[in-house]
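Below you'll find the structure, written out as structure tokens, and then a few comments.
Chain naming here is simple, since letters A, B, ... match the order of the sequence lines and numbering starts at 1 in each.
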Protein chains: 2
Amino acid sequence: MVSETEKKIFEAARSVFMQKGIDGARMQEIADAAGINKAMLHYYFRTKEKLFVAIVAEAFADFFPNMIDIALLDLPIRDKIGAFIDRYLDMVGKNPFLPHFMIHALYRNPELAGEVVANMGHFPKQIIGLIANEMEKGTIPKSSPQHFVLNLVSMLIFPIVGRPIVQLIYFDNDVELYNGILKERKEEILKTILKEQ
Amino acid sequence: MVSETEKKIFEAARSVFMQKGIDGARMQEIADAAGINKAMLHYYFRTKEKLFVAIVAEAFADFFPNMIDIALLDLPIRDKIGAFIDRYLDMVGKNPFLPHFMIHALYRNPELAGEVVANMGHFPKQIIGLIANEMEKGTIPKSSPQHFVLNLVSMLIFPIVGRPIVQLIYFDNDVELYNGILKERKEEILKTILKEQ
DNA sequence: GTCTATATGGCGATAGAC
DNA sequence: GTCTATCGCCATATAGAC
């Protein structure tokens, strides 16, 4: 049983930690966002770090199941990869801070690897196996399944996490222009990894 | 004229800020790493923020000239892109924290965009122009030069900045295995963006 | 469970002797 | 220029009334 107060704290903490990380976040800011006082944060979560770990664990626990069930869809591989891209961009639309948060959290807190692994199930093996299978069938270009997946997620995620710098350097910090580029990414990624001319 | 002490402070600050960011860094830690006391940091740089901005500006000011002169080499485009990849991986070898630092610094401090732009010269336009030119010549597959460059830097940089999470999820946190993967990236990236089967 | 008030320590920054 | 000592503040965390 989870109280209303605990839920409000959790939502506020998610918002603040996602945007500022554990170092940049302030317990007072989380309390304000939750509409309660600082003492309640410690009553429910004891320490700032425990609260942060809970948010990280939730983020990863939500992420993998949300991505993996696409592998189960009965679709041609091109559509399946397209759905994978759509799903990711949809998650990012709902929470623009998620990609940077996941990367930065594990970058600065590698000791949280255990929390992450506990929540990812068979996600990686399923994805790699799926790709290897399609390569055998000849429906996608034969190469290393690991590199294929790495290429896919790189071209999908980097334009998001690197947005502030890429948008600035290559697109004069033009937000609308960059939004347009992002809309074109799906087709561009598919054409590139499937090596369509 | 820059004193020895100032140099030592700068090197220590670079090391600490690169690894921990401005929020995670402590002036005391920088002073210890420099082998001097906290008061000297403020004597030379007045505030933590000014010191941080100086480090960010230096990082970007070093980066672009180091990457752009490859465009001037008289090489076939495949070799030129290969040299671009080599140069980047070489920089990362010397400073593994650089990619994440550059992205995170601008992510959390977008107001530093001005510092960055001031130091990047004509880097972006030169790169895009070079690619557009090669597409006209037909030496690389015709598409959008912007997406081509975005694909290239994505496949190059994401496996570095996302290393903690990618290595964990797809490679069981096996450091040696992941080092091997990174060594294969150059050929893999070239084959993918040039759409070689 | 929820609040106010406070303990406790660490932070960036400065004063001032040398 | 370099140091020690310290200021003033703000952070996390707790005590204790209700």
Side-chain angles (χ1 to χ4, degrees), chain A residues 1-59 97 101 104-105 107-112 115, chain B residues 1-59 97 101 104-105 107-112 115:
Chain A
M1 185 53 201
V2 177
S3 74
E4 276 307 309
T5 303
E6 188 169 343
K7 275 189 224 164
K8 284 197 292 183
I9 291 173
F10 211 77
E11 278 171 40
R14 188 191 301 119
S15 169
V16 175
F17 279 138
M18 287 260 176
Q19 297 186 49
K20 309 203 169 176
I22 187 169
D23 294 324
R26 295 291 159 246
M27 294 296 265
Q28 184 63 59
E29 189 178 359
I30 295 173
D32 291 346
I36 47 95
N37 59 70
K38 268 191 302 178
M40 297 306 289
L41 302 183
H42 292 94
Y43 176 79
Y44 281 100
F45 293 93
R46 283 190 44 81
T47 69
K48 181 185 185 182
E49 194 183 339
K50 282 189 205 300
L51 178 53
F52 178 72
V53 171
I55 299 296
V56 172
E58 183 212 40
F97 302 102
F101 174 76
H104 188 66
Y107 203 93
R108 288 274 297 133
N109 311 90
E111 74 280 5
L112 295 185
E115 302 283 341
Chain B
M1 186 55 202
V2 177
S3 73
E4 275 308 307
T5 303
E6 188 169 343
K7 275 189 225 164
K8 284 196 293 184
I9 291 173
F10 211 77
E11 278 171 38
R14 189 191 301 121
S15 169
V16 173
F17 279 137
M18 287 258 176
Q19 297 185 50
K20 309 203 169 176
I22 187 170
D23 294 325
R26 295 292 161 245
M27 294 296 264
Q28 185 62 60
E29 187 179 0
I30 295 173
D32 291 346
I36 46 93
N37 58 71
K38 264 195 305 179
M40 296 306 288
L41 301 183
H42 292 94
Y43 176 79
Y44 280 101
F45 292 93
R46 282 191 40 84
T47 69
K48 182 186 185 182
E49 192 183 341
K50 282 188 203 302
L51 179 52
F52 178 73
V53 171
I55 298 296
V56 171
E58 183 212 40
F97 303 101
F101 173 75
H104 188 66
Y107 202 94
R108 289 275 296 133
N109 311 92
E111 76 280 6
L112 295 185
E115 301 283 340

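- Nearest approach of Ile30(B) to Ile9(B), heavy atoms of both residues: CG2-O, 4.3 Å.
- Contact check for Val53(A) versus Lys50(A): no side-chain heavy atoms found under the 4.5 Å cut-off.
- The main-chain N or O of Ala39(A) is found under 3.5 Å from a side-chain atom of Asn37(A) such that the two form a donor-acceptor pair.
- You'll find the side chain of Ile36(A) reaches within 4.5 Å of the side chain of Leu41(A), heavy atoms only.
- No engagement by Ser3(B) is indicated, since no non-hydrogen atom pair under 4.0 Å with the nucleic acid exists.
- In the region residues 15-47 of chain B, proximity to DNA chain C at under 4.0 angstrom, judged on heavy atoms, holds for Ala25(B), Arg26(B), Met27(B), Lys38(B), Ala39(B), His42(B), Thr47(B).
- Contact of the Lys20(B) side chain with the Asp23(A) side chain is not registered, since no non-hydrogen atoms from C-beta on lie closer than 4.5 Å.
- Donor-acceptor pairing under 3.5 Å is recorded for the side chains of Tyr44(A) and Ser3(A).
- For DNA chain D, the outermost nucleotides in 5' to 3' order that have an atom under 4.0 Å from a heavy atom of chain B are dG1(D) to dT4(D).
- Residues forming a side chain to side chain donor-acceptor pair (under 3.5 Å) with Glu11(A) (at least two apart in sequence, or on another chain): none.
- Note: CG (Leu51(B)) to C1' (dA13(C)) measures 14 Å, nearest angstrom.
- Between Glu29(A) and Gln19(A) there is no side-chain heavy-atom pair separated by less than 4.5 Å.
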